[in-house]
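Worksheet: one structure, shown below.
Note that the structure is predicted; figures quoted are calculated from it, not measured.
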Amino acid sequence: MQGALIGAALLIIYQAALLAYLRDQHYQEHFVFLWVFLALALWRTARGPFRGRFELQSGRDRLGAGLALTAALMLAPSELAGSSTGMRTSLVVFATGCAVLAVPRWTIKRCLMHGGLMLMCFGLPYSVYFPLTSQFQHGVASIIAWPAALGLADYEVASAVVRFPHYELAITPDCSGLGQLLTFGGIAALGVLSSARNRKRTLLVFALAAVLAWLSNVARVALFVFLVGIGWTQSVDNATWHAVIGTAVFLPFVAVLVAVLLRTHVPPSAMPPSTMPPSAMPQSARVESGQPHSMGRMHIAWLVAPLAAVHFALGTTSPGDTPEPPYMAALLAPPAHELECRSLSEESDRHAYSTPWLINARFRRESGGHFDLLHYATNSRSHLCVHKVAACLFAPDQVITYLPAVEVDGRLWWRIDLAKPDPANSQHVYFAFEIGGNRRDDSAATQFEVLWKRAFGASWQVKLTRVMLPGAAPTSPTQYESEVLTWIGRTTS
């Protein structure tokens, strides 16, 4: 009964964060697997006696209660800022604290490992996910480029795009391998949690999981490149075939990991009553050992009270959908330029920043010259809305350098130089975030400003304008760059 009340209360308190997670479903198949692994781990390892009350006489009880109170402290800034990631992390910390109090047969380390697996189920924050996938994508692309470099294939790899004479295959974030790493990590965690404690085995299993995840992803991407190369583009264009082929490549590597887990599995031995804290013992054991019958004076359910107080006192309403900026149509028609192409990632970018008002395209001037424009306006609660711009521009053999900001037409633009060994392949970037009408860089101070403004309701909208141009960064903007930046700045103001 007490568990049902706690669960119902948590659903109310964390409703917004959980709904945001369900609506997102970014590469959801990996996270579905992880939830299944967590359920299996609980089914195999959660054994009584369970506690419904606690005292603060033992260090374990103090730790469990401390984690529950820490969850309330984490929830406060998350509610103020509307951070779904912070709310979900608070939920995991609270659940871990409850496990420490209610499941005495689990060691504290085992409780923390279950909490870690639950945190994996909720996925990585976008502010971590996309910088990692950016680097992983280019790592995969570098490997795929080897056959072409050796003259064994008739394609070329530019950035994260495999170009055939008849087709362009983008290596997307889903091809980075991070999803596979999470899935294999979940399988490894399930195997560790279901077995007796063994530090050497734990390290071996997680190391093997990481290697197999990397190999399975490279094999998967290589197979799609091969199939597209022989003309079967439906292997990637058809979602069903894409999923079936990917799973078929994935399963043999999963089988290897599962085989190792089964071969090294040792059933966990039950914790003898004599090693339990007296308040955690079943009544029969307490009677035999002469310990008092009380399991504690405070009900674990009372630990929900601080969470409820924070939620109802500080909970904010959703900012709602981002209204269409009045300049979006004009932004697609720069003077004397034509829209040459849209980025292959434009649609996924809209999903990532939770806004339909995003442009990621290349514009070419009739008399020569071009620029790539990324612009969005978003009310997203994701931390990704203000991010390190350089993290999204990673490429092999590229040196990234932040340069001093410049002022063009009374507006500040921050600069990044993307130097390549071949200067002809170098690029440079002008960018600016806009928060509440103020232009800012991509520093931690800007992220704090977003948190502050959200906390006090001053502004929910964040804008980013990023302009990429070919060649090394000049000392000061060229005439062409000044014209482009002036027009973009006036148009988006």
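- Between I435 and T446, the closest side-chain pair of non-hydrogen atoms falls below 4.5 Å.
- At least one side-chain heavy atom of V100 sits less than 4.5 Å from a side-chain heavy atom of L67.
- Under the ring-ring contact (aromatic ring centres under 6.0 Å, His included) criterion, F94 pairs with no residue, sequence neighbours left out.
- A donor atom on one side chain and an acceptor atom on the other are not found under 3.5 Å apart for S78 and R88.
- More than 12 heavy atoms of other shown residues, nucleotides or ligands fall within 6.0 angstrom of atom CD in E340.
- Listed by first and then second residue, the salt bridge (Lys or Arg N to Asp or Glu O under 4.0 Å) pairs involving residues 423-434 amount to none (not counting sequence neighbours).
- Ring centers of H375 and F431: at least 6.0 Å apart, outside the cut-off.
- Looking at residues two or more places apart in sequence or on another chain, you find a side chain to side chain donor-acceptor pair (under 3.5 Å) between R365 and S367.
- Taking a 6.0 Å sphere around OH of Y167, one finds it holds more than 12 heavy atoms contributed by other residues, nucleotides or ligands.
- Summarising the local packing, CD of Q479 is surrounded by 12 or fewer heavy atoms from other residues, nucleotides or ligands at distances under 6.0 Å.
- Here the CG atom belonging to L10 is positioned 7.0 Å from the CG atom belonging to L307, to the nearest 0.5 angstrom.
- Taking 4.5 Å as the limit, some side-chain heavy atom of I13 sits within range of a side-chain heavy atom of V304.
- Remark: aromatic rings of F250 and F184 are close, center separation under 6.0 Å.
- Looking at D422 and K420, no side-chain N of the basic residue comes within less than 4.0 Å of a carboxylate O on the acidic one, giving no salt bridge.
- With sequence neighbours excluded, no residue satisfies side chain to side chain donor-acceptor pair (under 3.5 Å) with Q15.
- Applying the salt bridge (Lys or Arg N to Asp or Glu O under 4.0 Å) test to residues at least two apart or on different chains, the pairs with a partner in residues 157-166 are R163-E168.
- Using a 4.5 Å heavy-atom threshold, the side chains of L117 and L193 count as touching.
- P356 has its side chain out of reach of E324: every pair of non-hydrogen atoms, C-beta onward, lies at least 4.5 Å apart.
- For an aromatic pair to be called close, the ring centres must be under 6.0 Å apart, and Y353 with H387 satisfies this.
- Comment: E346 engages R350 in a salt bridge, judged by a side-chain N to carboxylate O separation of less than 4.0 angstrom.
- Screening R415, R466, E481 for a side chain to side chain donor-acceptor pair (under 3.5 Å) with Y430, the sole residue that qualifies is E481.
- Atoms NE2 and OG1, on H242 and T247 in that order, are 10.0 Å from each other to the nearest 0.5 Å.
- Under the rule for a side-chain contact (heavy atoms from CB on, under 4.5 Å), the partners of V218 that lie at least two apart in sequence or sit in another chain are I143, W214.
- Residues Y14 and H311 keep their aromatic ring centres 6.0 Å or farther apart.
- Side-chain contact between F224 and W232: absent, with no pair of heavy atoms (C-beta onward) separated by less than 4.5 Å.
- Seen from the ring of W413, R439 counts as a face-on cation partner, given the 6.0 Å and 45° thresholds.
- Scanning both residues, G185 and A209, for their nearest heavy atoms gives N-CB, 4.5 Å.
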